Number of protein chains: 2
Amino acid sequence: MDDQDPGLQLVHLLRAVTVELDLFAAEFAGRNGLHPTDVRALIHLLDARRENLRATPGWLGSQLGVNSASTTALVDRLERLGLVRRERDTGDRRRVLLVVRDEAITLGWSFFGPLIDEMVTEMRSFDERELATVRRFLLAMRDIAAARRAHDRDSGGSARQKADQPGERQEDQGN
Amino acid sequence: MDDQDPGLQLVHLLRAVTVELDLFAAEFAGRNGLHPTDVRALIHLLDARRENLRATPGWLGSQLGVNSASTTALVDRLERLGLVRRERDTGDRRRVLLVVRDEAITLGWSFFGPLIDEMVTEMRSFDERELATVRRFLLAMRDIAAARRAHDRDSGGSARQKADQPGERQEDQGN
DNA sequence: CGCAATATCTCGATGGTCGAGATTATTGAC
DNA sequence: GTCAATAATCTCGACCATCGAGATATTGCG
């Protein structure tokens, strides 16, 4: 694996992008009195809403990799900030549904909107075949990372298992 | 900006990749008794070493966006774990050089090595023109994020300025 | 020398995260 | 129906990463 390997250079470049995006999120967090975890939670909640998935504390915790105690505190913060609302699930009353309030959408868009806009605009300079290439690249990188994470979680039981993950991920249950 | 906009889909996909990579790093952290910040620091330190840059606490703190107090504690942790060594700069004795110990390289490679390997291997399925397309994409995304971050830092003085960033970034000073 | 700028570190306070366990609701067996 | 097992969320106490403010040491300028 030569240091001049173009593939390796691209992997490093991908990491540089993630570093930039993390710093961008941290900037957003610090500016609004949120913590990095809150921002990550907000992103997942907005994603869930966009895809019509039901968000619950347990689901959110598993997405973020934090345990139930931290998730409760996290939702408390988001609720106190007026970004989400707790709502008992009428079907399964053990559950709590996390309803994203309009304030959260406004806040998220005010910060990430311009960034996303610029990125989408930049993508217009890519023709269809190039877009397909980028998509293939991103899908491959995402899947490799996800697969290795699942692999390491199983095989690497030497150290502690980190958190109490239900492991269960509920998909869209018909709204 | 339609929800079916292929550019927008790719931006979301890019975010999905960063989420996976962050979770991967968190997994690594939890398994080795490190904190997410420690992992980020380790990555920057290994990068600096690879590029023959001099790492100091101040430089590291500015890279991570944390203040000097946190940086001191961070370096204390890394030193206690035997990953780095503090060494007074003989030229400017206010400075401390952070020397990455072999243990850090071994540790980092043991975890990120296989992931990087798989990614690099996957990149072999891209021909030269496709690699160039991916590179153009990643460079554009990185630069947009960096530019917006700089832009927001200046204009958005409404809230607090977060940390005491020297703003100074020392490049390779001839080793 | 005095003085400002720079680099790092110290201190006390805040609060996010964790493990363990409590609480409430659901499910299935008898 | 009752009981135990499971599940989803929350409470509690402890730990420690991060922060702001300020201390300490060094450099460079005049």
Side-chain angles (χ1 to χ4, degrees), chain A residues 26-27 29-31 33-41 54-81 84-98 159-170 173, chain B residues 26-27 29-31 33-41 54-81 84-98 159-170 173:
Chain A
E27 178 83 15
R31 204 169 282 209
L34 312 164
H35 289 255
T37 302
D38 302 6
V39 179
R40 294 172 58 212
R54 317 211 129 184
T56 67
W59 172 82
L60 183 60
S62 74
Q63 295 294 303
L64 300 176
V66 300
N67 74 2
S68 63
S70 306
T71 303
T72 297
L74 164 64
V75 176
D76 285 347
R77 293 196 300 273
L78 295 179
E79 202 170 32
R80 202 177 318 123
L81 289 166
V84 304
R85 206 157 34 85
R86 277 184 167 96
E87 195 168 288
R88 275 283 165 199
D89 187 329
T90 52
D92 183 342
R93 292 210 310 287
R94 291 172 302 182
R95 288 188 169 186
V96 168
L97 300 180
L98 300 178
R160 63 204 175 112
Q161 289 301 21
K162 187 162 177 51
D164 49 350
Q165 319 253 30
E168 190 85 26
R169 172 175 307 189
Q170 51 245 359
Q173 296 172 357
Chain B
E27 179 83 16
R31 205 169 280 205
L34 310 165
H35 289 257
T37 302
D38 302 5
V39 179
R40 294 172 58 211
R54 317 211 129 184
T56 67
W59 171 82
L60 183 59
S62 73
Q63 293 295 302
L64 300 175
V66 301
N67 74 2
S68 64
S70 307
T71 303
T72 297
L74 165 64
V75 175
D76 285 347
R77 294 197 299 273
L78 295 178
E79 201 169 32
R80 201 177 317 124
L81 289 166
V84 303
R85 205 158 34 86
R86 276 183 168 97
E87 196 169 288
R88 274 283 165 200
D89 188 329
T90 53
D92 183 342
R93 293 211 308 287
R94 291 170 302 182
R95 287 189 170 185
V96 167
L97 299 181
L98 301 178
R160 62 205 175 111
Q161 289 301 23
K162 187 162 179 49
D164 48 350
Q165 319 251 28
E168 190 85 26
R169 172 177 307 189
Q170 51 246 359
Q173 294 172 356

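Chain identifiers are assigned alphabetically (A, B, ...) following the order of the sequence lines, protein sequences preceding nucleic acid strands; residue numbering begins at 1 within each chain. In this text the structure is predicted, and so the values were computed from the model without any measurement.
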Approximate separation, where rounding is to 0.5 Å, of B/L97 CG and B/R86 CZ: 12.0 Å
Residue pair A/V96 / A/V75, side-chain heavy-atom distance below 4.5 Å: no
Side-chain donor/acceptor contact of B/S68 with base of C/dC9 under 3.5 Å: yes
Distance-only donor-acceptor test (3.5 Å): side chain B/R94, base C/dT6: yes
Distance test, side-chain N/O of B/R77 to OP1/OP2 of D/dA17, below 4.0 Å: yes
Sugar-phosphate, base or nothing in reach of B/T71, heavy atoms under 4.0 Å: nothing
Phosphate-side-chain proximity, A/S70 and C/dT17, N/O vs OP1/OP2 below 4.0 Å: no
Any A/R86 side-chain nitrogen or oxygen under 4.0 Å from OP1 or OP2 of D/dC10: yes
Sugar-phosphate only, base, or nothing, as touched by A/R88 at under 4.0 Å among non-hydrogen atoms: nothing
Below 4.0 Å: OP1/OP2 of D/dC19 and any side-chain N or O of B/N67: yes
Side chain to side chain, A/P57 and A/T72, heavy atoms closer than 4.5 Å: no
Distance below 4.0 Å between A/T37 side-chain N/O and C/dT17 OP1 or OP2: yes
